[in-house]
Novice: 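Pasting in a structure now, in structure tokens, and then I'll have a few things to ask.
Quick caveat: nothing in here was measured; it's all calculated off a predicted structure. Quick note on labels: first sequence line is chain A, next is B, and so on, each numbered from 1. All values below come from the heavy atoms of this structure, side chains included, with hydrogens, waters and symmetry mates left out.
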Amino acid sequence: MRNAEVARLFEDIADILEVQGDSGFRVRAYREAARQIAGLREPIEQVAAAGGLEAIPGIGKAIAAKIDEYLRTGHLAYYERLREQVPPGLVALLQVPGLGPRTAQLLHQELGVESLDDLRAAIAAHRLRSVRGLGAKTEERLARELERLHESARRLPLGVARPVAEQVMAMLGEHPAVLQIEPGGSLRRWRDSVGDIDLLAASPDPEAVMAAFVALPFVREVLSQGPTFTRVLRTDGLGVDLRGVRPEFWGTALHHFTGSRAHSIRLRDLANERGLKLNEYGIFRMDTGERLPGATEEDVYAAVGLPWIPPELREDRGEIEAALAGHLPHLIEQDDLRGDLHVHTNWSDGNAPPERMAEAARALGYEYLVITDHSAGLGVANGLSVERLRAQRQVIDRLNQEYAPFHVLQGIEMEIRADGALDYPDAVLRELDLVSISLHSNLRQDPERVTARALAAVEHPLTDVFNHPTGRLVEKRRGADVDLEAVLQVAARTGTAVEINGTPERLDLDDVWARRATELGVLLVITSDAHSPEGLQSIRYGVMQARRGWVEARHVLNTRPYAAFRAWLNERAAQRERRSASRA
DNA sequence: GCCGTTTTCGGCCCGACTGTTTTCAGTCG
């Protein structure tokens with residue numbers, strides 16, 4: 001599947017056109033096409049082969065032809081022409097916050113700036129302030145941003161942003177002028193990474209909230225401050241935005257700043273069709289100017305004839321059509337989970353003994369916990385030898401007596417070796433309640449080899465769950481070049497479950513692939529991959545990622561009560577017996 | 001660039017904040 005690659009291509013085109021000063025609308029068209037392609041749930045090669053490109057919203061004749069050309073030849077003449085017209089370093093200037101296409105162009109024309117290094121030199125020589133339209137303040141601000149550029153990554157992983165946001169919300173929530181405080185933007189939609197930390201507070205006195213915000217102890221620098229919007233830089237280098245809104249605007253404002261932009265634009269279109277105007281300050285009738293109620297998000301959706309749509313779905317990936325048709329999914333909730341199927345103890349690389357993990361799981365209200373320490377092959381994680389595996393079984397047997405009716409099961413997180421083989425003999429695997437399989441090493445194999453390895457693992461008759469299928473780390477490491485479409489199709493056929501790993505660094509499968517899995521009829525599991533009792537909590541990130549993928553409780557194995565979960569395991573075992581009997 | 005239940009041409013979201021201006025352009029979300 002080359003969706004991400006093709007999306008990237010059109011993003012690049014949009015960047016270049018932007019620096020060239022092309023029509024903003026054309027730039028937006030390319031970005032919209034890129035967004036649609038990135039969110040596509042089928043391989044774009046398949047769509048193209050079936051002649052369905054132009055059916056994708058935002059893709060017309062011209063872009064469809066470009067996609068065809070690129071997929072067919074591996075090149076796009078238009079793109080290559082564009083790249084010759086613009087110095088490669090010029091596009092990089094857009095990374096600098098506060099430096100947009102117009103300024104990039106201006107710097108190029110007036111000062112010959114063609115790269116970040118050129119910009120640095122121009123600033124050092126104080127040449128920016130001589131350019132008409134720029135001044136000393138701009139020069140100083142860009143100098144600061146340049147310095148900050150390498151220290152701050154482009155996007156923040158959700159696992160970093162969410163705890164920071166929750167800390168700030170807790171501190172500001174105590175202020176008497178704050179009635180309500182929520183994250184906005186991709187943070188509220190639980191995207192796996194966020195561009196910035198965006199908060200929204202309801203208050204009868206927004207200015208007082210702004211004043212309290214800039215006075216918080218972690219504020220290193222106030223980057224911008226107005227009566228309703230303030231941006232600060234924390235001592236840890238993270239930026240936080242806060243908007244203050246009056247309670248009567250809460251619903252429309254929260255909706256506006258939750259986005260996504262694509263979702264909001266669609267909603268405004270719907271409002272226009274109904275003779276309404278929708279913005280952050282309310283819902284207005286176009287004819288009379290009368291303002292309709294907008295204190296809650298339900299008001300906003302009701303005004304355009306829709307039920308409330310959960311933030312996790314607001315990506316314009318069909319949720320508006322589903323809402324119009326009355327077919328919104330019944331998204332899974334954390335309370336639906338009856339157990340965790342992927343946790344580590346101090347028998348491998350966890351920090352707590354099995355009993356503490358079991359107690360923590362029980363305290364979360366689970367009925368069962370599957371302990372899945374690493375297999376021998378992952379030496380760095382103190383993987384279990386066969387002897388230690390059997391010794392651990394005795395410990396787990398004892399816990400079951402102690403903790404009944406809570407159930408502790410013994411599983412394994414098995415390495416797939418570079419050649420596709422597993423770590424233990426089949427006879428040992430049969431002793432385990434659940435076998436889950438992972439790729440941790442040799443992730444950079446070429447697509448054919450790594451896919452073959454993954455397929456072998458999924459197809460192995462003793463595999464129950466395929467863990468974090470790509471091995472990606474959010475904003476840090478791109479996953480292996482596994483052909484996930486092929487993996488999911490095989491998983492659907494063999495009944496092997498596929499994991500949504502809730503560790504916020506992983507979130508693997510991601511939202512788009514989780515949704516694809518449900519479409520293909522693949523059974524999912526949502527797990528914490530905890531290495532400590534507190535780590536069990538991170539399963540909520542997995543649940544939210546699943547919600548972003550339209551996943552319902554019925555799609556997820558570990559929403560089943562213990563008896564049904566056990567029945568599934570038994571059925572897997574029975575199938576294995578039948579298969580090996582028929583082979584023999 | 002895309003799109004169309006009044007349109008195949010003429011629209012395409014819009015407001016806050018900043019800095020450089022003498023009334024507004026650029027950037028961002």
Side-chain angles (χ1 to χ4, degrees), chain A residues 10-11 13-14 16-37 53-67 78-79 82 93-107 128-142 144-145 183-189 194-200 206 210 222-231 239-245 249 252-253 255-273 276-282 284 316:
Chain A
F10 289 118
E11 277 293 342
I13 289 174
I16 296 174
L17 290 175
E18 196 164 39
V19 173
Q20 284 188 324
D22 209 298
S23 146
F25 297 115
R26 185 178 291 116
V27 171
R28 197 192 300 168
Y30 276 109
R31 291 210 195 286
E32 175 61 15
R35 196 186 69 82
Q36 288 287 349
I37 293 165
L53 289 175
E54 286 185 56
I56 300 170
I59 294 183
K61 269 195 181 356
I63 291 185
K66 289 185 173 70
I67 295 172
Y78 173 70
Y79 175 58
L82 278 182
L93 294 186
L94 298 183
Q95 292 168 34
V96 182
L99 199 169
R102 306 311 296 268
T103 311
Q105 223 181 340
L106 190 66
L107 291 171
L128 259 63
R129 57 186 71 187
S130 66
V131 177
R132 183 177 167 74
L134 306 179
K137 283 202 161 180
T138 301
E139 192 175 272
E140 286 160 21
R141 186 172 47 80
L142 290 180
R144 279 200 306 274
E145 294 292 1
S186 39
L187 199 54
R188 182 158 180 255
R189 303 197 311 278
V194 305
D196 37 32
I197 299 173
D198 224 340
L199 303 176
L200 201 63
M210 297 298 118
V222 178
L223 298 176
S224 164
Q225 185 176 3
T228 66
F229 174 74
T230 298
R231 166 172 293 170
V240 182
D241 294 355
L242 177 70
R243 282 165 214 282
V245 287
F249 304 135
T252 45
H255 183 267
H256 181 86
F257 291 112
T258 296
S260 64
R261 207 165 312 173
H263 177 91
S264 294
I265 289 171
R266 289 291 312 279
L267 222 64
R268 270 187 224 118
D269 286 347
L270 280 183
N272 289 345
E273 284 170 22
L276 300 172
K277 184 171 116 83
L278 176 62
N279 64 29
E280 61 192 280
Y281 295 113
F284 305 89
D316 189 24

Novice: So what does Gln225(A) touch, heavy atoms closer than 4.0 Å: a base, only the sugar-phosphate, or nothing?
Specialist: sugar-phosphate

Novice: Distance check, rounded to the nearest 0.5 Å: Arg141(A) atom CZ versus Leu99(A) atom CG?
Specialist: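 Output value for this atom pair is 8.0 Å.
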
Novice: Using the ring-ring contact (aromatic ring centres under 6.0 Å, His included) criterion, which residues pair with His256(A)? Sequence neighbours excluded.
Specialist: none

Novice: Just to be sure I understand the rule, does Asp198(A) reach a base, reach only the sugar-phosphate, or reach nothing, if contact means heavy atoms closer than 4.0 Å?
Specialist: sugar-phosphate

Novice: For dG19(B), which nucleotide in any strand shown is its Watson-Crick or wobble partner with both distances under 3.5 Å?
Specialist: dC24(B)

Novice: So Phe25(A), base contact, sugar-phosphate only, or nothing? Heavy-atom distance under 4.0 Å.
Specialist: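 Base, at least one base heavy atom under 4.0 Å.
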
Novice: Could you tell me which residues satisfy ring-ring contact (aromatic ring centres under 6.0 Å, His included) with Phe249(A), sequence neighbours excluded, listed by chain and number?
Specialist: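 Expected list: Tyr281(A).
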
Novice: Asp22(A) near the nucleic acid: base, sugar-phosphate alone, or nothing, with a heavy-atom cut-off under 4.0 Å?
Specialist: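 Touches nothing.
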
Novice: Suppose we screen for salt bridge (charged side-chain N to carboxylate O under 4.0 Å, His left out). Which residues come up paired with Arg129(A), at least two apart in sequence or across chains?
Specialist: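 Counting only residues at least two positions away or on another chain, Arg129(A) forms a salt bridge (charged side-chain N to carboxylate O under 4.0 Å, His left out) with Glu139(A).
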
Novice: For Arg268(A), answer base if it contacts any base atom (sugar-phosphate contacts may also be present), sugar-phosphate if it contacts only those atoms, and nothing otherwise; contact means non-hydrogen atoms under 4.0 Å.
Specialist: base

Novice: Find which nucleotide of DNA chain B each of Phe229(A) and Gly133(A) is nearest to by heavy atoms, and output the residue with the more 5' nucleotide.
Specialist: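 Residue closer to the 5' terminus by nearest nucleotide: Phe229(A).
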
Novice: What distance, rounded to whole Å, do you find between the two C1' atoms, one in dT18(B) and one in dT23(B)?
Specialist: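 Pairwise C1' distance, dT18(B) against dT23(B), rounds to 15 Å.
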
Novice: Regarding Arg132(A), tell me which of base, sugar-phosphate or nothing describes its non-hydrogen contacts under 4.0 Å with the strands shown.
Specialist: sugar-phosphate

Novice: When all nucleic acid strands are considered with a 4.0 Å heavy-atom cut-off, which category describes Thr228(A): base, sugar-phosphate, or nothing?
Specialist: sugar-phosphate

Novice: Taking only the C1' atom of each, what is the distance from dT5(B) to dG1(B) in whole angstrom?
Specialist: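 Approximately 24 Å lies between the C1' atom of dT5(B) and that of dG1(B).
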
Novice: Tell me, please, which residues at least two apart from Phe25(A) pass ring-ring contact (aromatic ring centres under 6.0 Å, His included).
Specialist: none

Novice: Under the rule for salt bridge (charged side-chain N to carboxylate O under 4.0 Å, His left out), what residues qualify as partners of Arg188(A), not counting sequence neighbours?
Specialist: Glu297(A)

Novice: Just call it for Leu17(A): base, sugar-phosphate, or nothing, with non-hydrogen atoms closer than 4.0 Å on any strand.
Specialist: nothing

Novice: Mind checking if Ala34(A) touches a base, just sugar-phosphate, or nothing, with heavy atoms under 4.0 Å?
Specialist: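 Here Ala34(A) touches no strand at all.
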
Novice: Which distance, rounded to the nearest 0.5 Å, do you find between the CG of Leu200(A) and the OG1 of Thr228(A)?
Specialist: 10.0 Å

Novice: Within this structure, what is the CG-CZ distance for the pair Asp198(A) and Arg243(A), rounded to the nearest 0.5 Å?
Specialist: 5.5 Å

Novice: Determine the Euclidean distance between corresponding C1' atoms of dT20(B) and dT27(B); express it in Å to zero decimal places.
Specialist: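 Here dT27(B) and dT20(B) have their C1' atoms 14 Å from each other.
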
Novice: Would you indicate what Tyr281(A) reaches in the nucleic acid, counting non-hydrogen atoms under 4.0 angstrom: base, sugar-phosphate, or nothing?
Specialist: sugar-phosphate

Novice: With P as the reference atom in both, quote the distance from dT7(B) to dT22(B) in angstrom, rounded to an integer.
Specialist: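 Result for the P pair: 45 Å, nearest Å.
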
Novice: More 5' along DNA chain B: Glu280(A) or Pro57(A), using each one's nearest nucleotide?
Specialist: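 Looking at the nearest nucleotide for each, Pro57(A) comes out on the 5' side.
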
Novice: Considering only the P atoms, how many Å lie between dT8(B) and dG4(B), rounded to the nearest integer?
Specialist: 13 Å

Novice: Please measure how far the C1' atom in dC17(B) lies from the corresponding atom in dT21(B), and state the result in whole Å.
Specialist: 15 Å

Novice: Please list, in 5' to 3' order, the outermost nucleotides of DNA chain B lying under 4.0 Å from any heavy atom of chain A.
Specialist: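 Here the contact window of chain A covers dG1(B) to dG29(B).
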
Novice: Which part of the nucleic acid does Phe10(A) contact within heavy-atom distance under 4.0 Å: base, sugar-phosphate only, or nothing?
Specialist: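 Since no nucleic acid heavy atom lies under 4.0 Å of Phe10(A), the category is nothing.
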
